[in-house]
Amino acid sequence: MSIKDGENRVRRILNISENEKLPTVSKETLAIYYRYLISNLSFPFEVVYSVETGPLEDTYYRIKVTGFIALAKSPLPETYGIFIRGKQERRRFEVPLAETKVKEHGRNKQLVDDYCMWFWNHQ
């Protein structure tokens, strides 16, 4: 798999031709991506999310993703993107999808990896 393959998958999601440049992250493009992910991800699935807890120290959480926060309720969507909702044991999380990693190989991993690539490279 190449970056070009991922970019072409994103183009198809955003309904643009392979000749066009990938669009920047905006409320409109996030809304398209949000609808696509809701329709194509298999829930629940697990992601890893890390939080800086000290100098050169991170704490990692394995979050079971159960859904998304409505895009209209997401804080600063162009800055943070799409938020997921999930839990680890009794602790609940609402975190940006772009700050997570899907560890298990498969369709969900590809979808999230493509989204993260587009989000971080086209803000």
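Positions are given from 1 along the sequence. Since the model is a prediction, treat every value here as computed from it, not as a measurement.
Atoms OG and CD1, from Ser39 and Ile13 in turn, are 11.0 Å apart once rounded to the nearest 0.5 Å. For the atom pair Ile84 CD1 and Thr66 OG1, the distance stands at 8.5 Å (nearest 0.5 Å). Atom NE2 of His105 is separated from atom NZ of Lys103 by 9.0 Å, given to the nearest 0.5 angstrom. A distance of 10.5 Å separates CG in Leu30 from CZ in Arg35, rounded to the nearest 0.5 Å.
Looking at heavy atoms from C-beta onward, Val112 lies out of side-chain contact with Val47 at the 4.5 angstrom threshold. With a 4.5 Å cut-off on side-chain heavy atoms, Ile63 and Thr100 do not count as touching. Looking at Glu99 and Val95, their side chains never come closer than 4.5 Å, going by heavy atoms from C-beta outward. Contact check for Val65 versus Leu97: no side-chain heavy atoms found under the 4.5 Å cut-off. At a threshold of 4.5 Å between non-hydrogen side-chain atoms, the residues Arg107 and Asn40 count as touching. A heavy-atom distance below 4.5 Å is not found between the side chains of Glu46 and Lys64. With a 4.5 Å cut-off on side-chain heavy atoms, Leu111 and Leu37 count as touching. Between Arg12 and Asn8 the shortest side-chain heavy-atom distance falls below 4.5 Å.
No donor-acceptor pair closer than 3.5 Å links the side chain of Glu78 to the backbone N or O of Gln123. Glu20 places a side-chain N or O within 3.5 Å of a backbone atom of Ser17 that can act as its donor or acceptor partner. The backbone N or O of Ala98 lies less than 3.5 Å from a partner atom in the side chain of Trp120, making a donor-acceptor pair. Proximity of a side-chain donor or acceptor of Thr29 to a complementary backbone N or O of Pro23 within less than 3.5 Å is not detected.
Aromatic ring centroids of Tyr115 and Tyr34 lie 6.0 Å or more apart. Ring centroids of Phe93 and Tyr61 are separated by less than 6.0 Å, placing the two rings close together.
When all heavy atoms of Lys109 and Val102 are compared, the closest pair comes out as NZ-O, 3.3 Å. Here the closest heavy-atom approach between residue Tyr60 and residue Val48 is recorded as CD2-CG1, 3.9 Å. When all heavy atoms of Arg11 and Lys21 are compared, the closest pair comes out as NH2-CA, 4.4 Å. The shortest heavy-atom contact between Thr59 and Thr53 is OG1-CG2, 3.0 Å.
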Residues Leu14, Trp118; criterion side-chain contact (heavy atoms from CB on, under 4.5 Å); working and verdict: CA-CA 11 Å; Leu14 297 174; Trp118 168 72; 4.0 Å; yes

Given side-chain contact (heavy atoms from CB on, under 4.5 Å), test Glu18 with Glu7 step by step and report yes or no. CA-CA 9 Å; Glu18 287 189 20; Glu7 289 177 347; over 6 Å; no

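Judged purely by distance below 3.5 Å, without hydrogens or angles, the side chains of Tyr49 and Arg62 never pair a donor atom with an acceptor atom.
Note on Arg85 versus Glu94: salt bridge recorded, some NZ/NE/NH1/NH2 to OD/OE distance being below 4.0 Å.
More than 12 non-hydrogen atoms from other residues, nucleotides or ligands lie less than 6.0 angstrom from CG of Asp58. A 6.0 Å sphere centred on CD of Glu57 holds more than 12 heavy atoms belonging to other residues, nucleotides or ligands.
Checked against Phe68 for a ring pair (Phe, Tyr, Trp, His ring centres under 6.0 Å), the options Tyr36, Phe83, Tyr33, Phe43 give a single hit: Phe43.
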